[in-house]
Number of protein chains: 2
Amino acid sequence: MTTELSERNRTILEAIIEEHIATAEPVGSRTVARRHPMGLSPATIRNVMADLEDLGYLRSPHTSAGRVPTEKGYRFYVDTLLQVRQLTQKEQKQLSSSYQLRGHKVEEVLRDVSRSLSSISRYTGLVMAPRMETTVFRHIEFLPLSQGRILVILVTRSGLVQNKIIETGEPLTPRELEQISNYLNRTLTGLPIHEVKEKIFAEMQREKARYDQLLAKTLTLSRQALQGNLDGEVFIEGTSNILDQPEFANVETMRELFRAFEQKGRLIDLLTRSQQAEGVQIFIGSETGLEGIDGCSLITSHYSNRRGTIGALGVIGPSRMNYSAVIPIVDYTARLLSQMLEGDIE
Amino acid sequence: MTTELSERNRTILEAIIEEHIATAEPVGSRTVARRHPMGLSPATIRNVMADLEDLGYLRSPHTSAGRVPTEKGYRFYVDTLLQVRQLTQKEQKQLSSSYQLRGHKVEEVLRDVSRSLSSISRYTGLVMAPRMETTVFRHIEFLPLSQGRILVILVTRSGLVQNKIIETGEPLTPRELEQISNYLNRTLTGLPIHEVKEKIFAEMQREKARYDQLLAKTLTLSRQALQGNLDGEVFIEGTSNILDQPEFANVETMRELFRAFEQKGRLIDLLTRSQQAEGVQIFIGSETGLEGIDGCSLITSHYSNRRGTIGALGVIGPSRMNYSAVIPIVDYTARLLSQMLEGDIE
DNA sequence: CGCTAGCACTCTGGGGCAAAGAGTGCTAAA
DNA sequence: TTTAGCACTCTTTGCCCCAGAGTGCTAGCG
């Protein structure tokens, strides 16, 4: 792979990509020769550019328009050419001072993080809330409403509070509800939610449940409380930032993009996938697997508490984004959020 | 006011506005004469149009481009010309079947309502969650986290669950926390939140609080739990719908609009204001008081529970929107939501 | 006296066209 | 192997012109 491109060709490719990142315009041989003087004439650079185009790193929008990086070009740039800049102390401070857990709910903090990712990167910020499945049972509470409806409140160790309204066939007395929640809080606290689910399911199979009225009620109730969509939520902030990018100057592209943002499900999938891997991940163009966001890239990282990865965050921008600036921002923000959730909530 | 326009002139104004609503184009005298035959020649209609322009109901984008309604024009149309269509049984059914309280949390329902407002109207849906201040205390719960931090969960009668993380100077034992929440639940249940606040404040002034250690702790804790932003939240859905409207074909307008959507605070103000009045309200163009959404109108209504108004919802679209279709949608949706919250949760 | 037909006038939008600019690929020479 | 030169291509821009749409005004009609 490294043999595919000579040292010189790599330098030129890098120059072209960086020039394009800076200007958003197709870059021509003359410009490269002038801005990145390496003792080569435009003609030589043209030859190299032709080679790079044949190899699939560049393409020309039309005959006389200079070259633009392809996805493969960006991928190569990111993998082997890019030098990630470190954040200065000052920038770190600026980032860390934006967030505060105290006096807020976790969702608000996550939204703030997303907002700050967007405003610092000048692209669009993305934060996926911890998925219930991955966190640990902390507390459950049942509040009776009218007409046999019950409000369930489920709290996880990461400080997330979920609630939903469920319906029981037969009305339960406040006293029963209290007994039930006491029982559940006693036996379930500290278990990961997925184990909680298993446990309840297993319990329902056991013979005892058939004869113990209250136990039976408890189990149906908690099953209802846990089933269904306790999914992660995505906080997308700063969507309008991305509209300043020249590639979204035409209305059609813009519309596509916003439609894509409205389908949060796909984003959740992607972010969940990105959680698997360590550290910062970069998805370029079609690698995101998202429709309608051609020409966009996504930089993600995951955040975690003591027990492991619980969520993911990132920045979405044009493929022509300033990777070397955004990568450390995403990286540092993820660490910061991990730290905050780890120290304070568990 | 009614004397300002003759019967005929009103008919013509109505024709022009309806034509413009349908086509999004400036409308000329010939078109009016053809599409709304009333035995008048284009020339006559031209005279009338010139009058209407002088009076400020119409304006021409340029000399040879037909007329377009002004804000005053729309206002007059909405106030005196508009015939609001009733929803058919079928449409009502379609609307009411979209929502379901069971198995969801209130926030999700509100988001669904917003989404459905947008998808049925084909504009953008807006729902403001009940403001804490306006609802009634139902339950409070304190869960200790590490390092003297406490997660407070506050439930209101309307089924809203709020939570935040607060910090106590001195650590409190779980036992104390339990006592505290028991006390609060006993004494506060059924009081409107604003009365709760007053009550706590009054209590703090009383002499007793100085000597009763636990009471003092209780009061500081609950004050912290209640203070600050328990504001309404706005759910904006279907923003991309509005992009299909031809008036947003140029990128600059679009960008403005999205920036406006991101400043939810202004929208909250407006929706809160609209809560004061009865029934459906219409804000045309600058009447919204929002910047950056020139050429947009807002149709709102409020929803309530047994005790009174608790929130507002609406649709935002171009001033050229189909008022007669959207008004009943907003109206019916508000009733529906009121009904849902009233019957089921209180 | 109100309505209308006719007409001159105005403004926009689109098509066509040419020139300018940018950039390429190729060839031949250093 | 590099480079200078050159012919070629394609887009962009400006310009002009014309068609189309619509207006305002005037004069005549019922």
Side-chain angles (χ1 to χ4, degrees), chain A residues 5-13 15-20 22-70 73 246-247 249-251, chain B residues 5-13 15-20 22-70 73 246-247 249-251:
Chain A
L5 291 185
S6 71
E7 185 61 32
R8 194 179 67 175
N9 288 11
R10 284 160 59 168
T11 315
I12 291 177
L13 178 57
I16 293 169
I17 294 184
E18 278 170 3
E19 188 65 26
H20 180 68
T23 63
E25 299 289 317
V27 358
S29 53
R30 155 179 248 99
T31 321
V32 177
R34 195 156 22 88
R35 293 272 181 80
H36 297 256
M38 50 184 107
L40 293 179
S41 74
T44 313
I45 291 176
R46 272 206 290 284
N47 288 329
V48 175
M49 283 166 93
D51 294 347
L52 290 172
E53 179 161 3
D54 287 344
L55 291 169
Y57 295 102
L58 299 176
R59 62 185 185 81
S60 17
H62 58 84
T63 331
S64 67
R67 302 300 206 295
V68 160
T70 60
E247 29 267 279
N250 96 64
V251 184
Chain B
L5 291 185
S6 71
E7 184 61 34
R8 193 179 69 175
N9 287 11
R10 284 160 59 169
T11 315
I12 291 177
L13 178 57
I16 292 170
I17 294 185
E18 278 170 4
E19 188 65 26
H20 180 67
T23 63
E25 300 289 318
V27 359
S29 53
R30 157 181 246 96
T31 322
V32 177
R34 196 158 21 89
R35 292 271 182 81
H36 298 258
M38 50 184 108
L40 293 179
S41 75
T44 312
I45 291 177
R46 273 206 290 283
N47 288 329
V48 175
M49 283 166 92
D51 294 347
L52 290 171
E53 179 160 5
D54 286 344
L55 291 168
Y57 295 101
L58 299 177
R59 62 185 185 80
S60 18
H62 57 84
T63 330
S64 67
R67 302 301 205 295
V68 159
T70 60
E247 30 267 281
N250 96 63
V251 184

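Residue numbers begin at 1 in each chain, while the letters A, B, ... track the order of the sequences. Note that these values count all heavy atoms, side chains included, but never hydrogens, waters or copies made by symmetry.
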Quiz item: Phosphate oxygens OP1/OP2 of D:dT9: is one of them under 4.0 Å from a side-chain N or O of A:S64?
Solution: no
Exercise. Give the stems involving DNA chain D, where a stem is 3 or more consecutive Watson-Crick or G-U wobble pairs (i with j, i+1 with j-1, and so on) under 3.5 Å.
Key: C:1-30 with D:1-30
Quiz prompt | Qualifying salt bridge (charged side-chain N to carboxylate O under 4.0 Å, His left out) pairs, either residue in residues 50-59 of chain B, two or more places apart | solution = B:E53-B:R67
Practice problem: Would you kindly compare B:H62 and B:P42 by the position of their nearest DNA chain C nucleotide and give the one closer to the 5′ end? | Solution: B:P42
Quiz item: Once you round to the nearest 0.5 Å, how far does CZ of A:R8 lie from CD1 of A:I45?
Solution: 8.5 Å
Quiz item: Is the backbone N or O of B:G73 less than 3.5 Å from a side-chain atom of B:T70, with the two atoms forming a donor-acceptor pair by type?
Solution: yes
Could you list the donor-acceptor pairs under 3.5 angstrom formed between side-chain atoms of residues 27-37 of chain A and any protein atom two or more places apart in sequence or on another chain?
{"from": "A:S29", "atom 1": "OG", "to": "A:R46", "atom 2": "NH1", "distance (Å)": "3.3"}
{"from": "A:R35", "atom 1": "NH1", "to": "A:E19", "atom 2": "OE1", "distance (Å)": "3.4"}
{"from": "A:R35", "atom 1": "NH1", "to": "A:E19", "atom 2": "OE2", "distance (Å)": "2.3"}

Quiz item: What is the distance from atom CD of A:E7 to atom CD1 of A:I12, rounded to the nearest 0.5 Å?
Solution: 11.0 Å
Exercise. Between protein and nucleotides 25-30 of chain D, map the contacts as a letter string: B base, S sugar-phosphate only, - none, heavy atoms under 4.0 Å, written 5' to 3'.
Key: B-----
Quiz item: Atom CE of A:M49 and atom CG of A:N9: how far apart are they, to the nearest 0.5 Å?
Solution: 11.5 Å
Practice problem: Give me the first and last nucleotide of DNA chain C, going 5' to 3', that has any atom under 4.0 Å from a heavy atom of chain B. | Solution: C:dC3 to C:dT12
Quiz item: Got a second to check how far B:Y57's OH is from B:I16's CD1, nearest 0.5 Å?
Solution: 13.0 Å
Self-check item: Heavy-atom closest pair, residues B:V251 and A:A249
Solution: CG2-O, 2.5 Å
Quiz item: What integer distance in Å separates A:R67:CZ from D:dT11:P?
Solution: 15 Å
Quiz prompt | Euclidean distance, A:N250 CG relative to B:N250 CG, rounded to 0.5 Å | solution = 12.5 Å
Self-check item: Residue whose closest nucleotide on DNA chain C lies nearer the 5' end, B:T63 versus B:S41
Solution: B:S41
Exercise. Select base, sugar-phosphate, or nothing to describe what A:S60 touches, counting heavy atoms under 4.0 Å on all strands.
Key: nothing
Exercise. Using salt bridge (Lys or Arg N to Asp or Glu O under 4.0 Å) as the criterion, list what pairs up with A:E247, not counting sequence neighbours.
Key: A:R320
Exercise. Apply the test side-chain contact (heavy atoms from CB on, under 4.5 Å) to residues A:V48 and A:L40: give CA-CA distance (whole Å), side-chain angles for both, the deciding distance (0.1 Å), then the verdict.
Key: CA-CA 11 Å; A:V48 175; A:L40 293 179; 5.8 Å; no
Quiz item: Which part of the nucleic acid, if any, lies within reach of B:T44 when heavy atoms closer than 4.0 Å are counted: base, sugar-phosphate only, or nothing?
Solution: base
